[in-house]
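To find a chain, count down the sequence lines: A is the first, B the second, and so on, and within it residues start at 1.
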2 protein chains.
Amino acid sequence: METFIPHAPVGPVSREVPAVGYVHGYSEREAARLGDQADVLAELLHSGTRYPDGSRVLEVGCGVGAQTRHLVGHSPGARLVAVDRSAQSLAIARARVAEHAPGALVEWRQADLFALPFDEGAFDHVFVCFVLEHLADPADALERLRRVLRPGGSLTVIEGDHGSVFFHPDSAPARAVIDCQARLQAAAGGDASLGRRLLPLLEAAGFTDARVRPRTVYADRTREWLRAGFTRDTFVAAIASVRDEALAAGLATPDEWDLGIEQLRLAAAGEGTFHYTFFKAVARRLER
Amino acid sequence: METFIPHAPVGPVSREVPAVGYVHGYSEREAARLGDQADVLAELLHSGTRYPDGSRVLEVGCGVGAQTRHLVGHSPGARLVAVDRSAQSLAIARARVAEHAPGALVEWRQADLFALPFDEGAFDHVFVCFVLEHLADPADALERLRRVLRPGGSLTVIEGDHGSVFFHPDSAPARAVIDCQARLQAAAGGDASLGRRLLPLLEAAGFTDARVRPRTVYADRTREWLRAGFTRDTFVAAIASVRDEALAAGLATPDEWDLGIEQLRLAAAGEGTFHYTFFKAVARRLER
């Protein structure tokens with residue numbers, strides 16, 4: 001299958017300002033972090049998602065391919081189109097999928113979710129993961145995704161919810177740095193607590209048979225791989241990655257920030273425990 | 001099997017003051033509420049807990065028998081001893097178990113967890129549910145439970161964590177009333193957020209092979225029975241039941257309280273959603 005990713009030169013890595021960009025930025029370290037996250041979370045998030053051979057599947061907002069490689073791994077016979085608005089992310093995604101699944105049939109397209117270059121009803125299934133939480137108008141986004149689904153086709157959405165975070169030892173400074181990240185995401189137009197409202201969003205966008213279920217991560221010292229892979233290297237790393245933006249926005253002093261991160265890290269060490277809930281939704285476009 | 005519950009006359013219903021008593025009080029409405037809660041939650045909490053025929057099982061803090069009837073239902077051949085410090089609760093528990101499981105073999109004992117009238121190693125298994133969160137020294141309690149277990153015997157503990165609560169539509173007044181309940185529980189010596197530290201507590205008390213897992217309730221309009229049975233009639237009802245204590249303690253004005261409860265109820269209606277996590281732990285007393 002032909003790939004459509006433009007071979008734009010990958011320029012110098014830039015961190016976009018939080019008020020206008022993607023809160024996690026586009027650095028190489030970010031790409032590695034998002035990849036690690038997907039490895040640890042793959043089974044938790046992808047279980048139950050298998051697409052039939054030959055079915056037309058669209059992933060929107062594939063980013064650096066963190067989920068794409070698992071989509072391909074679980075549904076090797078599906079005809080996957082992976083879309084992202086960033087050429088740089090697509091280049092990383094393509095390399096990653098080529099490395100992990102050399103024969104995978106993926107069509108890469110650079111496009112914006114709000115201007116999808118596909119006909120109405122072009123896909124049997126649509127998959128989006130950690131995308132709606134970054135959008136100012138997730139309901140509008142869902143309507144656009146519905147349009148490219150055939151009647152009866154399925155949409156799968158996975159989102160987190162920062163309200164699900166709690167940990168031991170509890171710490172007000174640690175909770176404060178998490179709140180900083182949520183506020184940066186809000187300033188960029190997103191909603192770090194979107195998971196809890198997936199059902200009403202899907203219903204408002206005209207989907208039917210919507211079903212939302214929590215997918216919970218709980219990590220303590222009896223699951224060292226999970227607290228290293230998720231608590232430390234995914235969640236705490238994601239919070240720590242917005243330090244510069246948080247300080248620039250005046251949301252914390254350097255000392256406050258560093259203390260918060262230090263105390264948050266205790267949730268991934270010794271007797272620490274950590275809890276986070278993702279939400280996975282499946283809904284259908286109404287039959288004609 | 002003989003029952004040991006003293007036939008104390010059930011006196012006038014009294015609400016104990018929160019600073020010295022059990023935060024949920026002992027009224028008849030409370031008994032009904034705690035019973036409803038157990039029905040809806042039974043499968044979520046009890047799945048995986050089955051005791052062999054003839055094994056000696058101790059439930060401590062059985063209260064009004066909300067869990068006892070399910071213990072009996074799932075392990076009808078076990079020799080269950082159910083303990084509570086309240087004669088009034090035991091009387092209700094005995095009537096409830098007699099109603100739901102007429103032939104059940106339960107020995108009822110009025111006793112305090114910190115003065116258990118049993119020999120060291122008297123039980124193969126111990127079960128406690130929603131008990132540690134009400135105690136000023138849960139670590140000491142766990143050591144006492146360990147003492148009455150035979151070496152290699154198992155302890156099962158189920159606790160909630162108020163930090164796991166989030167809902168749609170989000171509401172600061174609603175979060176405030178939940179916080180009032182947690183503060184009342186703290187004033188009574190308890191910890192409404194104990195679930196997250198079950199593992200370190202068990203390890204500190206000398207248990208081995210401890211394993212803690214979340215048991216999550218997520219309810220939206222697609223599971224009306226769950227949001228009626230859990231969100232509305234269990235969780236919101238539990239918060240609403242401490243109104244008098246919260247006002248007496250000066251934690252809220254009547255208007256603040258009523259607004260908070262009204263907004264919390266929206267999580268169980270229309271497009272509302274609600275999330276809560278229980279933790280279930282199983283650990284063993286070290287072999288000799």
#### Entry: Proximal component of B:Thr277, with respect to chain A [non-hydrogen, under 4.5 Å]
side chain
### Query
For the atom pair OG1 (A:Thr273) and CZ (B:Phe279), what is the distance rounded to the nearest 0.5 Å?
6.5 Å
### Query
Considering heavy atoms only, which positions within residues 195-219 of chain A lie below 4.5 Å of chain B?
A:Arg196, A:Arg197, A:Leu199, A:Pro200, A:Glu203, A:Ala210, A:Val212, A:Arg213, A:Pro214, A:Thr216, A:Tyr218
### Query
Considering heavy atoms only, which positions within residues 158-176 of chain B lie below 4.5 Å of chain A?
B:Asp161, B:Gly163, B:Ser164, B:Phe166, B:Phe167, B:His168, B:Asp170
